[in-house]
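First the structure, in the form of structure tokens, and then the observations on it.
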Amino acid sequence: MIAYSHQNIDKCDIDAVINALKDEILTGGKKIEEFEQALCEYVGVKYACVLNSATSALHLAYLSLNVKEKIVLTTPITFAATANAALMAGAKVEFIDVKSDGNIDEKKLEQRLKQDSKNIGAICVVDYAGNSVEMDEILSLCKKYNIALIDDASHALGSIYKNKKVGSMADLGIFSFHPVKPITTFEGGAVVSNDKELIEKIKLLRSHGIYKKRLWDSDMIDLGYNYRLSDVACALGINQLKKLDQMLEKREEIAKFYDKEFEKNPYFSTIKIKNYKKSSRHLYPILLYPEFYCQKEIIFEKLINAGIGVQVHYKPTYEFSFYKNLYGNVFLENADNFYKAELSIPCHQEMTLENARFIKDKVFEILKQNKKGCKI
Ligand SMILES: *Cc1c(COP(=O)(O)O)cnc(C)c1O
């Protein structure tokens, strides 16, 4: 099976992990700061805090912004953790509809804020598939209405928006190091920022809210967690980051091939990356035309049976029964259609152009077989 995304583990990674395992200190050592420093340099920010997942990173990001009993505006086309972590921090989540590229619609965000901008604790955007949101427009809204911005850039380590690295422009940027994401530390994540106070708060909460005073004496000044990332994981992360740009180049090569082959086909559209952006190409989404919506299950199964590890990103968060119980039925038209249309096909540095050609041929073959049309 060719997975939709895949980690790259080479001999250097294995050596780095083995060496770290032989160290005296397995967690709480120097590798943590070393990884954080490397992330700061790569992303172009002053501060970073690595954590045991992006979910933990989101949780502490929301806590640091004091969103409790306030509203968090976010996108439904994301992994559940984006909204879940806001709930964990005591916020109420409100979903804003997306555009045809799967990113939050900045115009709908503006309409929402124009109607009422009171009691909003934060906005959290997601750079879907690695393609940056329209950051200038979103930042100017945040400034106008004085609202903090979290950029859940879990897909987008290495992505660029107008010569700046994605994740560096919001108050807080979030990355995930789960194996399907641009780099991996097994499990892992990070918060990056230029705001010292926010990162200090997040670092305190990462480790129980306890800080050392002197000798054996410590104080606990906040209710924190154990969200630390081990030194062994950081050793892997340091090595992964060194080869990130090379991995992104390979993803770009596969994605460019698809872009070209899929131009003006009769079955689906793809997402164009604007010329002032560069995408990490974490996912390669294809968006089926409406006449295929009713046959998506058959198409999905046929692709899996052909050894093509497709996936759907994402079921809108408000469609989960937990959220239905919480907020009742929510319906956002574009998010709903995006979910009906989207299929992520394999695109990563572990596959060859030959694989991509095979996938392209199979996708066309299967869609041709299923071009019966749905009643819509
Ligand atoms: C993967 C992902 C997360 C969660 O990452 P973990 O490291 O698995 O906790 C959060 N948000 C988005 C957009 C993601 O893709």
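Note that the numbering runs from 1 along the sequence shown for the chain. Start at 1 and go down the list; that is how both ligands and their atoms are numbered.
- Every heavy atom of A57 sits 4.0 Å or more from the atoms of ligand 1.
- Counting only heavy atoms of the protein, atom 11 (N) of ligand 1 lies nearest to D152 OD2, 2.8 Å.
- At under 3.5 Å, not a single nitrogen or oxygen of T78, backbone or side chain, sits near a nitrogen or oxygen of ligand 1.
- A donor-acceptor pair shorter than 3.5 Å cannot be found between the side chains of S279 and N131.
- The closest protein non-hydrogen atom to atom 9 (O) of ligand 1 is T55 OG1, 2.5 Å.
- Interatomic distance, NZ of K360 versus CZ of R357, reported as 6.0 Å (0.5 Å rounding).
- Counted by atom type alone, E187 and T185 present zero donor-acceptor pairs between their side chains at under 3.5 Å.
- By the criterion of a heavy-atom distance under 4.0 Å, the side chain of Y314, and not its backbone, is placed next to ligand 1.
- Salt bridge annotation for K107-E137: absent, with no cationic side-chain nitrogen under 4.0 angstrom from a carboxylate oxygen.
- Not a single N or O atom of E187, backbone or side chain, sits closer than 3.5 Å to an N or O atom of ligand 1.
- With ring centers used as reference points, F322 lies 6.0 Å or more from F320.
- Using a 4.0 Å heavy-atom cutoff, F175 is absent from the residues neighbouring ligand 1.
- The aromatic rings of H6 and H348 are tilted relative to each other, their planes meeting at an angle between 30° and 60°.
- Against a heavy-atom cut-off of under 4.0 Å, T82 is close to the following atoms of ligand 1: 11 (N).
- The contact set between ligand 1 and G188, taken as ligand atoms under 4.0 Å from a residue heavy atom, comprises 7 (O).
- Under the 6.0 Å cut-off for aromatic ring centres, F177 and F35 qualify, their centroids lying closer than that.
- With a 4.0 Å cut-off on non-hydrogen atoms, A54 touches ligand 1 through its backbone as well as its side chain.
- Aromatic ring centres of Y258 and Y284 lie closer together than 6.0 Å.
- A distance-only check finds a donor-acceptor pair linking the side chain of T317 to the backbone of P76 [under 3.5 Å].
- Residue contacts with ligand 1: H155 is placed with a nitrogen or oxygen under 3.5 Å of a nitrogen or oxygen of the ligand (distance criterion only).
- Taking the ring centroids of F331 and F95, they lie at or beyond the 6.0 Å cut-off.
- Heavy-atom contacts of S154 reach the following atoms of ligand 1: 2 (C), 3 (C), 10 (C), 11 (N), 12 (C), 13 (C), 14 (C), 15 (O) (cutoff under 4.0 Å).
- Under a 4.0 Å criterion applied to the non-hydrogen atoms of S53, ligand 1 contributes the atoms 7 (O), 9 (O).
- Close N/O approach between F79 and ligand 1 is not found [any backbone or side-chain N/O within under 3.5 Å].
- When hydrogens are left out, the protein atom nearest atom 2 (C) of ligand 1 is K181 NZ, 2.6 Å; that is the closest non-hydrogen contact.
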